[in-house]
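Hydrogens, waters and symmetry mates are skipped; everything else that's a heavy atom, side chains included, is used. Everything quoted here is computed from the prediction, not taken from an experiment.
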Amino acid sequence: MVSHRARPRFEKPTPVLVTMRVERHVWNLRSRRSFRAIAACFEMSLGRFGLRLIEFSVLGNHLHLIVEADDSESLSRGMQGLSVRIAKALNRLMGTRGRVFADHYHARLLRTPTELVNGIAYVLGNSAHHYGGESGGDPFSSANCDRELLLGKARSWLLRAGWRRAARTTPEWCRSYLAALPEAARAKREAELAAGFGLAA
C-alpha cells in the first residue's frame, strides 16, 4: 500500500520517480487502446502546472514516470491534473464511472546523479523485468514514443548535465539506454547526450 506520510517539500526544479497503480477492474494498460488513451493524456498535460514528463513506462496495472516539477506544489497540482485526466480517459474507454487509481501516487525525489540514473534505468527497464526482453525496446514506454509530442524539456541541472556524475557506470548505461531506442531516434539522442542535454529530449 502507498504511504500517506507527508511528501518532502522542495522549491526548485527536481526530478521525481512516480508510481501510479490502477484498481483491479481497470483494463490492461498495455493494450493498444489503453495506451493510446494514456499517451493522449500525456500530450494534453505537457508542461501544465510546472510539471514535465521526462520518461515513462506503462505496465499492465501501473505506470512508472520520471517527472520534473518546479516545486512541491507543482508536483501535487500536476499529478492531480494528470491523474484526473487519465482516470476520465480510461473510464470513457471502458464505459464505466468511478475510481480508476487504487491509491494516491507514490513519489520519490531523485536528488543525486546516481539516484537519477538508477531511477530512469529502472523505469525504462521495468517491462523487461515483468515481461522479458522486447525487440527494439518497449513499445509502451518513452523509449519508443514521439518525444517532442509527449515529453517535456528539463530545467534542472541534474537532468541536463548532472546525471553524468552518477556512480553507476554511465557509458555502459548510456549504451543500454540508446540500444533500447528505435534506430531512427538513436542518432538524435546520441547527439543530445553528447551536447549535454541529459536525459530529456
Side-chain angles (χ1 to χ4, degrees), residues 2-3 5-21 29-30 38 42 45-47 50-72 74-76 78-79 82-83 86 101 103-131 133-134 137-138 140-145 147 150-181 185 189 192-193 196-201:
V2 174
S3 171
R5 290 178 300 174
R7 295 191 177 95
R9 297 194 63 80
F10 56 100
E11 298 180 351
K12 63 180 182 179
T14 300
V16 186
L17 172 61
V18 173
T19 300
M20 307 166 69
R21 190 171 297 276
L29 301 182
R30 285 175 73 85
I38 293 168
F42 288 160
S45 300
L46 187 62
L51 184 79
R52 292 166 293 282
L53 180 62
I54 302 299
E55 305 285 357
F56 68 85
S57 179
V58 176
L59 285 302
N61 65 352
H62 62 285
L63 309 172
H64 287 305
L65 315 176
I66 299 291
V67 301
E68 182 186 61
D70 287 343
D71 50 39
S72 50
S74 296
L75 176 65
S76 179
M79 287 306 305
L82 180 60
S83 298
I86 293 175
F101 289 103
D103 211 327
H104 297 293
Y105 65 89
H106 177 267
R108 182 166 68 89
L109 303 188
L110 305 173
R111 298 183 182 274
T112 70
T114 299
E115 286 181 345
L116 174 61
V117 167
N118 285 340
I120 293 182
Y122 171 75
V123 168
L124 294 181
N126 212 255
S127 67
H129 171 72
H130 286 283
Y131 308 107
E134 295 180 87
D138 179 15
F140 301 100
S141 79
S142 51
N144 279 293
C145 77
R147 301 182 71 87
L150 302 184
L151 305 183
K153 294 186 181 296
R155 298 179 184 175
S156 65
W157 170 82
L158 266 178
L159 276 165
R160 291 178 63 84
W163 65 275
R164 294 175 179 275
R165 300 187 182 183
R168 189 183 181 108
T169 307
T170 307
E172 178 183 344
W173 176 80
C174 281
R175 286 195 295 272
S176 299
Y177 169 64
L178 291 166
L181 295 175
R189 290 299 287 150
E192 288 168 347
L193 289 167
F197 285 99
L199 300 173

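- Taking 4.5 Å as the limit, every side-chain heavy atom of I38 sits out of range of all side-chain heavy atoms of F140.
- Using a 4.5 Å heavy-atom cutoff, the side chains of L110 and V16 are not in contact.
- In this structure, L53 CG and L65 CG are separated by 6.0 Å, a value rounded to the nearest 0.5 Å.
- Taken from CG in L59 to CG in L63, the straight-line distance is 8.0 Å, to the nearest 0.5 Å.
- Judged as a side-chain contact (heavy atoms from CB on, under 4.5 Å), and not counting sequence neighbours, the contacts of R111 are P8, L109, E115.
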- Message: Test side-chain contact (heavy atoms from CB on, under 4.5 Å) on L17 and E55; report intermediate values, then the result.
- Response: CA-CA 10 Å; L17 172 61; E55 305 285 357; over 6 Å; no

- Message: Using side-chain contact (heavy atoms from CB on, under 4.5 Å), reason through R147 and S142 one step at a time and then give a plain yes or no.
- Response: CA-CA 7 Å; R147 301 182 71 87; S142 51; 4.1 Å; yes

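- Under the rule for a side-chain contact (heavy atoms from CB on, under 4.5 Å), the partners of S156 that lie at least two apart in sequence or sit in another chain are P13, P15, E68, L158, L159.
- A donor-acceptor contact shorter than 3.5 Å links the side chain of T14 to the backbone of K12.
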- Quick one: do I120 and L116 satisfy side-chain contact (heavy atoms from CB on, under 4.5 Å)? Show the steps, please. CA-CA 6 Å; I120 293 182; L116 174 61; 3.8 Å; yes

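- For the atom pair OG (S57) and CD1 (I66), the distance works out to 10.5 Å, reported to the nearest 0.5 Å.
- When side chains are defined from C-beta on, L151 does not count as touching I54, because their heavy atoms never get closer than 4.5 Å.
- At least one side-chain heavy atom of F56 sits under 4.5 Å from a side-chain heavy atom of C145.
- A search for salt bridge (charged side-chain N to carboxylate O under 4.0 Å, His left out) contacts involving R108 returns nothing, not counting sequence neighbours.
- Here D70 pairs with R155 in a salt bridge; the nearest charged N to carboxylate O distance falls below 4.0 Å.
- Looking at heavy atoms from C-beta onward, R21 lies in side-chain contact with N61 at the 4.5 angstrom threshold.
- Contact annotation: the side chain of F10 approaches that of L75 to within less than 4.5 Å [non-hydrogen atoms, C-beta and beyond].
- When all heavy atoms are compared, the tightest approach of M20 to S83 is CE-OG, 3.3 Å.
- Counting heavy atoms from C-beta on, the side chains of Y105 and L82 never come closer than 4.5 Å.
- Side chains of H62 and H64: a donor on one and an acceptor on the other come within 3.5 Å.
- Counting heavy atoms from C-beta on, the side chains of M79 and H104 never come closer than 4.5 Å.
- With hydrogens and angles disregarded, no donor-acceptor distance shorter than 3.5 Å links the side chain of S141 to the backbone of L124.
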